[in-house]
Engineer: 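One structure coming up, written as structure tokens, with questions to follow.
Letters A, B, ... are given to chains in the order of the sequence lines, protein chains preceding strands, and every chain is numbered from 1.
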Amino acid sequence: SAQNSQYLNGINVGDPSAIGAAGYYYDFDAFDDIQVSTGAHDITVPTGGVFLNMVTKSGGNRWAGRGTYAWEGSGTQSSNIDDNLLKYGFLPATNKVDYVSDVNFSLGGPLIANKLRAFGSLRDWRVHVNVPAAFSTTVLDQTNIDSGLLNLTYQLNDKNKITGFYSRQRYNKPNRFLQNPTTTLVKDSTSDEEDVFNVYQALWNTIPTSNLFVDARLGYNTILFPTYLNGNAQSLTDNATGNITGNYTANTVRHRPRLQVNATAQYYIDQALGGRHEFKFGFDDTHAAGNVETTRFDDVTTNWNSQTNSAQTVTLYATPFNTATTLDVMSLFVQDSYSVKRFTVTGGIRYEHLNAFLPDQSSPDTRWTSLGIPAFQNVPRTLSRTDVVTWNTAGPRVSAAYDLTGDGRTALKGSAARYYYIVSTTGLPLDNVNPNFTYQAQYTWNDVNRDLVFQPGEQTGAAILTSGSTTTVDPNYRRPYTDEYTATLDRDLGQSFKLSAVYTYRREKFPTATLNPAAPFATTLSTRPDTGADGVPGTADDSTLSYYNRLSATNLTVVTNDPTVLQSYNGIEITGTKRLSNRWQMLAGATFARTKIDGLSVNITPNSLLNVSGPVTSTGNNPGLGTGQTGDHPYQFKLTGQYTLPYYDIALSANALTQSGIAYTRQVTGIPLTAGGTAAVNVEPLASHRLDARSQIDFAV
Amino acid sequence: MVWDVRTGSGTLTFLQGGDPNGARNVLPQFGSPASVLAPRIVRFNVAYRF
């Protein structure tokens with residue numbers, strides 16, 4: 001999902017840091033059209049994930065509008081917390097909706113007849129849910145969003161149209177759970193989120209000649225995304241349970257502006273080389289920044305183990321940080337679609353110049369320097385511009401379609417494409433090589449007074465230092481990519497029915513990985529007792545687990561690629577579609593697919609390379625994959641439909657879904673290491689277990 | 001309600017209804033639920049076009 005593309009009116013509005021997600025919340029009632037592409041993308045689409053383009057309403061030749069109100073309360077939801085769950089400590093209000101409301105008003109029409117049209121929308125939506133937290137508590141998780149937008153369209157003449165768009169949103173969530181599952185946090189360790197999103201757009205559509213169409217777009221998005229601390233104590237993590245108490249680990253204020261300019265020209269030639277040509281060419285330029293202000297309560301996080309009732313480690317941070325990153329991407333693309341008789345072939349290439357760098361920046365001094373902590377006597381506080389990665393790539397795309405039966409109702413299609421990954425303005429590699437973001441030292445924690453509060457002087461042993469100064473980028477670090485191949489058979493059955501079968505093969509190559517060239521881990525495995533799935537020693541499922549012990553505290557990091565890993569997707573999807581006619585529409589689909597990973601060979605710790613080949617499971621079991629992996633689902637069935645009654649246009653709709661459960665692997669965490677810190681290892685082959693299939697059905701009137 | 005909990009071995013102590021002052025139940029640990037009946041939700045929507 002990190003490689004999804006989110007567009008609004010043809011302009012990329014993706015969050016430059018949380019890549020794959022939109023940089024604001026969509027007001028769905030404001031959309032006139034939604035374009036979705038899941039593969040075989042047009043040359044204007046930058047990445048290989050799902051492509052979404054939302055087109056805003058523009059108002060028509062008469063004033064029209066719409067008001068909607070949706071509401072759900074605590075009294076309209078049944079409870080599934082039965083006596084058995086109450087015995088296990090579930091609170092009666094676990095996951096209970098307090099209320100959900102959604103109010104929208106939109107209006108559009110002509111300001112000047114046949115010249116200037118306007119469309120505006122206001123929305124207020126709230127979701128308040130009692131979320132289960134640690135120690136059988138619940139926290140009322142409130143999400144409150146207000147938004148407004150205005151779209152103005154000016155028809156200059158028959159061949160030129162100019163559009164201006166502005167949207168502003170406020171998002172307030174006073175108790176955001178920044179860790180999953182939510183039962184590992186208490187109210188004090190949730191975060192107060194108060195976002196503001198702005199989207200500014202200018203579009204120009206022009207038809208210079210009868211064969212040439214040009215679209216030019218300018219967009220500027222701003223994201224203010226702060227998560228403030230709610231607690232009044234040091235952040236304390238229990239290694240035995242993962243529970244965090246006291247406070248969340250950091251107070252973070254994020255600024256994510258994005259400037260986007262693109263232009264696309266389409267030129268048609270009716271006859272050349274025996275067929276019709278449709279040329280498409282243009283450019284797309286991105287300038288995205290990431291500015292982050294980070295502070296921590298007492299500039300520490302602490303770890304203990306409730307099973308042994310002992311403090312384990314303490315990490316000191318060189319906060320406060322004022323961090324800056326920048327990503328520039330210039331794309332040039334050209335494509336020709338050639339049609340002759342029943343055959344159409346489309347070929348194109350997308351060239352991209354990507355430059356990710358750290359601009360000039362500085363942060364205030366850290367308290368650990370003045371306290372004389374040796375590891376903090378030379379903390380870089382000022383950084384001059386530093387280039388991190390510069391890539392030049394060219395991704396080819398080709399597709400073909402053939403009218404199999406000659407009547408325009410049966411199409412055989414195929415495609416092949418290479419999509420290069422976009423990188424985030426935060427995380428790997430930019431933050432990791434930035435000593436003005438990453439500077440922390442982990443020690444063994446000798447909590448002499450056993451109050452589980454760190455006082456300076458309780459840190460012992462050699463510091464395991466993690467720093468942007470100790471992190472470098474492999475000069476051979478290359479841009480990861482996705483190769484995609486598809487084969488499709490579509491058949492129009494008549495009466496608005498269509499049947500499709502699609503085979504898709506995708507492979508991810510050269511994903512980003514990190515390694516420690518100082519090789520601080522042992523090269524042979526150590527063993528320790530494994531209490532088994534029941535977590536109780538002395539029972540029948542006890543065995544031993546193997547892990548690599550850490551012998552040295554030397555902590556160097558190199559950002560590179562994993563050259564041998566292959567994550568692949570093999571799937572076939574069969575869908576039946578009934579377009580809206582005679583008051584009803586329907587979509588039925590069955591997908592059979594396998595998502596697998598093999599050949600992981602590079603990781604900062606060899607413990608993350610134990611039992612990691614097989615079906616893709618959750619992020620925790622596949623450390624090499626990063627976030628956003630939903631895992632292997634061998635089968636999915638979906639059925640959705642709607643019928644509109646001839647009485648007052650009352651619509652009846654239903655959705656049904658059955659999906660195989662995700663796979664998971666038993667993992668043991670908190671294994672103490674000689675040089676300090678702890679390890680987590682998969683203690684059985686990847687995806688040894690699978691949750692039960694999930695089925696759900698929804699009805700709406 | 002339909003809940004069927006698979007049990008491993010070993011026991012833990014749980015507070016009835018999560019109440020710190022409630023009864024303490026000594027029960028087998030559970031690995032994962034065998035089946036879940038989700039809550040039934042009714043949501044009201046009104047739309048007016050002009």
Engineer: Of the backbone (N, CA, C, O) and the side chain (C-beta and beyond), which part of V100(A) lies under 4.5 Å from a heavy atom of chain B, both, or neither?
Structural biologist: side chain
Engineer: Residue by residue, which of residues 68-76 of chain A have a heavy atom closer than 4.5 Å to a heavy atom belonging to chain B?
Structural biologist: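 Only T68(A), Y69(A), A70(A), W71(A), E72(A), T76(A) of residues 68-76 of chain A have a heavy atom under 4.5 Å from chain B.
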Engineer: Between Q16(B), R49(B), R24(B), who has the most heavy-atom pairs with chain A when the cutoff is under 4.5 Å?
Structural biologist: Q16(B)
Engineer: Check whether more than 12 heavy atoms from other residues, nucleotides or ligands sit under 6.0 Å from atom OH of Y648(A), and answer yes or no.
Structural biologist: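 Open: at most 12 neighbouring heavy atoms sit under 6.0 Å from OH of Y648(A).
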Engineer: Identify which part of F105(A) has an atom lying under 4.5 Å from any heavy atom of chain B, answering side chain, backbone, both or neither.
Structural biologist: side chain
Engineer: So, taking the atom named CD1 in I41(B) and the one named CD in Q77(A), what distance separates them when rounded to the nearest 0.5 Å?
Structural biologist: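 Answer rounded to 0.5 Å: 5.0 Å.
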Engineer: Closest approach of G17(B) and P92(A), non-hydrogen atoms and distance?
Structural biologist: O-CD, 3.9 Å
Engineer: From D698(A) CG over to R43(B) CZ, what is the distance, rounded to the nearest 0.5 angstrom?
Structural biologist: 10.0 Å
Engineer: Report the distance from atom CZ of R66(A) to atom CZ of F50(B), rounding to the nearest 0.5 Å.
Structural biologist: 11.0 Å
